[in-house]
Amino acid sequence: MTLKQILPLAAALALLASPAMAQNEALRTACGNDVKTLCAGVQPGGGRIAKCLTDQMSKVSAQCKAAMAAATPAAAPKN
């Protein structure tokens, strides 16, 4: 592949990744303190932090709950 072929592909991939990256940053910002206090011993990866927060939802801050709700896709309607 030449550089002329790679650049447009890289730009397209960056545009596709941007919403997910922004969403992850919003979660980190909103839930950072909750993760530190409620899930301090949990190793990141494999959805373990999300499970920890979900398991302790009654203790999670309002801003983290809102960020989690915004990041969770709505359930698809069943036919």
Measuring only between side-chain heavy atoms, which start at C-beta, is L53 closer than 4.5 Å to M57? no
D34 side chain vs V60 backbone, donor-acceptor pair below 3.5 Å: no
For the residue pair A71 and L27, what are the closest heavy atoms and their distance? CB-CD1, 3.8 Å
Any pair counted as side chain to side chain donor-acceptor pair (under 3.5 Å), so long as it reaches residues 38-51, sequence neighbours left out: K51-D55
Minimum heavy-atom distance A26-A67, with the two atoms named: O-CB, 4.3 Å
Any idea which heavy atoms bring C31 and M68 closest together, and the distance? SG-CG, 4.2 Å
Are the side chain of Q56 and the backbone N or O of L38 linked by a donor-acceptor pair below 3.5 Å? yes
